[in-house]
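Here the structure is laid out as structure tokens; the discussion comes afterwards.
Protein chains get the first letters and strands the later ones, always in sequence-line order, with residue 1 at the start of each. Since this is a predicted model, take the numbers as computed values, not measurements.
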2 protein chains.
Amino acid sequence: MEFSQAKNKFIQTWGALGSQWGINKTMAQIHALLMVSPEALSMEDIMSELHISRGNASMNLRSLIDWGIIFKEYKAGERREYFVAEGNIDELARKIAKERSKREIKPTLRVLEEVTNLENTDTKEAAHFKAKTAELYEFVSRADSMLEKITDYKENWITKTILKLMK
Amino acid sequence: MEFSQAKNKFIQTWGALGSQWGINKTMAQIHALLMVSPEALSMEDIMSELHISRGNASMNLRSLIDWGIIFKEYKAGERREYFVAEGNIDELARKIAKERSKREIKPTLRVLEEVTNLENTDTKEAAHFKAKTAELYEFVSRADSMLEKITDYKENWITKTILKLMK
DNA sequence: TTGTAGTTTCAATAATAAATGAAAGATTAT
DNA sequence: ATAATCTTTCATTTATTATTGAAACTACAA
């Protein structure tokens with residue numbers, strides 16, 4: 001396979017994966033492009049490589065920066081901004097996990113906690129509801145804290161230890 | 001809070017969470033409804049509780065069955081079908097993890113493997129590309145196998161062990 | 001075999017989400 | 001100041017995804 005073909009395939013695949021995970025396609029593609037670029041790229045570079053508009057590029061670059069997985073870079077004597085991706089993949093995973101936890105899991109936990117505090121458990125339905133949501137709360141909370149712990153070890157020795165444990 | 005309010009809030013929240021994870025809203029809502037229902041529900045029940053059409057209900061029930069997280073139930077002497085959710089939450093998580101791995105992670109791994117096999121690494125770009133995709137392959141592959149191992153232990157002792165280890 | 005009670009399919013429509021591009025904002029150089 | 005270069009915003013358009021509903025299909029009962 002040609003380099004340009006391989007690169008394109010990688011960007012498309014990463015974009016598709018993004019969509020399935022609730023991240024918009026372009027955002028994932030820009031990230032893919034920056035990951036495999038040895039040099040920082042300008043907005044123009046990104047627009048022309050991915051055939052997207054200025055507005056689209058601008059907005060998605062901002063989102064990626066908000067997520068903390070790409071950074072701005074300035075070149076001496078140049079006004080234009082350049083962008084690079086987080087280079088360390090463990091760190092990338094850590095940031096994504098943290099962000100999704102903050103945006104999705106934590107709010108869900110708050111709702112679960114709220115609805116499981118239902119006082120009135122007269123009916124069979126209400127009692128079952130309370131039990132199930134409590135169980136769900138426990139589970140989600142446990143999973144979230146596991147994820148947090150696994151990803152918080154930057155050196156990632158714990159991951160290796162776990163894998164060894166489970167051989 | 002009233003039971004019916006709490007129930008509604010839970011269903012809405014679960015639906016919203018689903019969308020963010022690439023699962024359609026109705027599918028997640030049906031699942032939420034069945035999870036908190038002590039009795040099996042018919043398609044009619046689901047349609048009227050969620051105010052959705054027959055076609056929508058039928059299609060999403062099928063998807064949920066394909067995922068293995070809800071089941072059909074037949075009542076003696078009744079022609080109509082009833083549905084119940086997987087009751088065990090660990091088992092639910094295991095099935096979801098397995099399904100997403102099969103549908104998304106495994107295909108991604110195949111592409112990563114393919115593109116990283118690029119022969120020609122003359123240019124700096126190509127060399128960097130090969131290195132990055134290889135690194136990504138290693139990472140995704142490691143994460144996938146961890147997930148598999150964690151969720152495969154039905155009794156889940158390993159999860160508890162890990163949490164203890166990381167205190 | 002016809003009717004009844006149910007389920008599935010799928011083309012049409014509606015709802016949602018993403019992308020465009022032109023105008024407005026910044027920032028630096030002259 | 002004014003121009004030049006670059007970035008951001010956001011109303012509009014376009015693309016994607018979900019939903020509807022009516023017809024086709026299935027299985028059983030009379």
Side-chain angles (χ1 to χ4, degrees), chain A residues 11-34 40-67 70-84 100 103-104, chain B residues 11-34 40-67 70-84 100 103-104:
Chain A
I11 289 171
Q12 297 311 319
T13 303
W14 209 244
L17 190 68
S19 328
Q20 284 166 319
W21 286 74
I23 286 153
N24 97 30
K25 193 185 63 180
T26 304
M27 185 170 157
Q29 287 181 341
I30 293 176
H31 180 248
L33 174 59
L34 289 176
L41 299 181
S42 68
M43 203 157 89
E44 292 288 343
D45 296 334
I46 293 165
M47 284 163 58
S48 71
E49 281 249 27
L50 303 179
H51 306 101
I52 59 172
S53 71
R54 192 170 294 286
N56 197 7
S58 174
M59 291 193 299
N60 286 110
L61 283 166
R62 173 127 65 90
S63 295
L64 286 162
I65 287 172
D66 290 345
W67 277 65
I70 73 166
F71 312 102
K72 280 190 184 177
E73 242 180 42
Y74 298 95
K75 294 200 180 180
E78 276 204 61
R79 185 185 298 188
R80 120 178 9 185
E81 300 172 333
Y82 286 82
F83 302 89
V84 283
R100 297 202 70 139
R103 295 180 190 217
E104 296 145 24
Chain B
I11 289 172
Q12 296 310 319
T13 303
W14 210 243
L17 189 69
S19 327
Q20 283 166 320
W21 286 76
I23 284 153
N24 100 28
K25 193 184 65 179
T26 304
M27 186 170 156
Q29 287 182 343
I30 293 176
H31 180 248
L33 173 60
L34 288 176
L41 299 180
S42 69
M43 201 156 91
E44 293 287 345
D45 296 334
I46 293 166
M47 284 163 58
S48 70
E49 282 248 26
L50 303 179
H51 306 101
I52 58 172
S53 71
R54 191 171 295 286
N56 198 6
S58 173
M59 289 191 299
N60 286 109
L61 283 166
R62 174 126 65 92
S63 294
L64 286 163
I65 287 172
D66 290 345
W67 277 66
I70 73 166
F71 311 102
K72 280 190 184 177
E73 244 181 41
Y74 297 95
K75 295 201 178 178
E78 278 203 62
R79 186 184 299 186
R80 114 179 17 186
E81 298 172 334
Y82 287 81
F83 302 88
V84 284
R100 297 202 70 138
R103 295 179 191 219
E104 296 145 26

Any pair counted as salt bridge (charged side-chain N to carboxylate O under 4.0 Å, His left out), so long as it reaches residues 46-60 of chain A, sequence neighbours left out: A:K7-A:E49, A:E44-A:R54
message: Can you measure B:L64 atom CG to C:dT7 atom P for me and round it to whole angstrom units?
response: 16 Å
- prompt: For residues A:S63 and A:D66, is any side-chain donor paired with an opposing acceptor at under 3.5 Å?
  reply: no
- prompt: If every non-hydrogen atom of B:L50 is compared with every non-hydrogen atom of B:L33, which pair is closest and at what distance?
  reply: CG-CD2, 4.1 Å
message: Please find the pair of heavy atoms, one from A:S42 and one from A:D45, that lie closest to each other, and give the distance.
response: N-OD2, 2.9 Å
task: Rounded off to whole Å, could you give me the CD1-to-C1' distance for the B:I30 and C:dT7 pair?
output: 14 Å
query: Where are the stems of DNA chain C, defined as at least 3 consecutive Watson-Crick or wobble G-U pairs with both distances under 3.5 Å?
result: C:1-30 with D:1-30
- prompt: Of all residues at least two apart in sequence or in a different chain, which pass the side chain to side chain contact (heavy atoms under 4.5 Å, CB included) check with B:K75?
  reply: B:E78, B:Y82
task: Grab the CE-P distance between B:M47 and C:dT8 for me, whole Å please.
output: 12 Å
- line: Whole-Å distance, A:E44 CD to D:dC6 P, equals 8 Å
Show me the side-chain donor-acceptor pairs of residues 14-21 of chain A shorter than 3.5 Å, one per line, residues at least two apart or across chains.
residue	atom	partner	partner atom	Å
A:S19	OG	A:G15	O	3.0
A:W21	NE1	B:E104	OE1	3.0

- prompt: Can you tell me how far C1' of D:dT19 sits from CG of B:L50, to the nearest Å?
  reply: 13 Å
Could you list, one pair per line, each protein nitrogen or oxygen that sits under 3.5 Å from a nitrogen or oxygen of nucleotides 16-20 of chain C, together with the distance?
residue	atom	partner	partner atom	Å
C:dA19	OP1	A:T26	OG1	2.6
C:dA19	OP2	A:T26	OG1	3.1
C:dA19	OP2	A:N56	OD1	3.3
C:dT20	OP2	A:S53	N	2.7
C:dT20	OP2	A:S53	OG	2.9
C:dT20	OP2	A:N56	ND2	3.2

Neighbours of DNA chain C within residues 72-83 of chain B, by heavy-atom distance under 4.0 Å: B:K72, B:R79, B:R80, B:E81
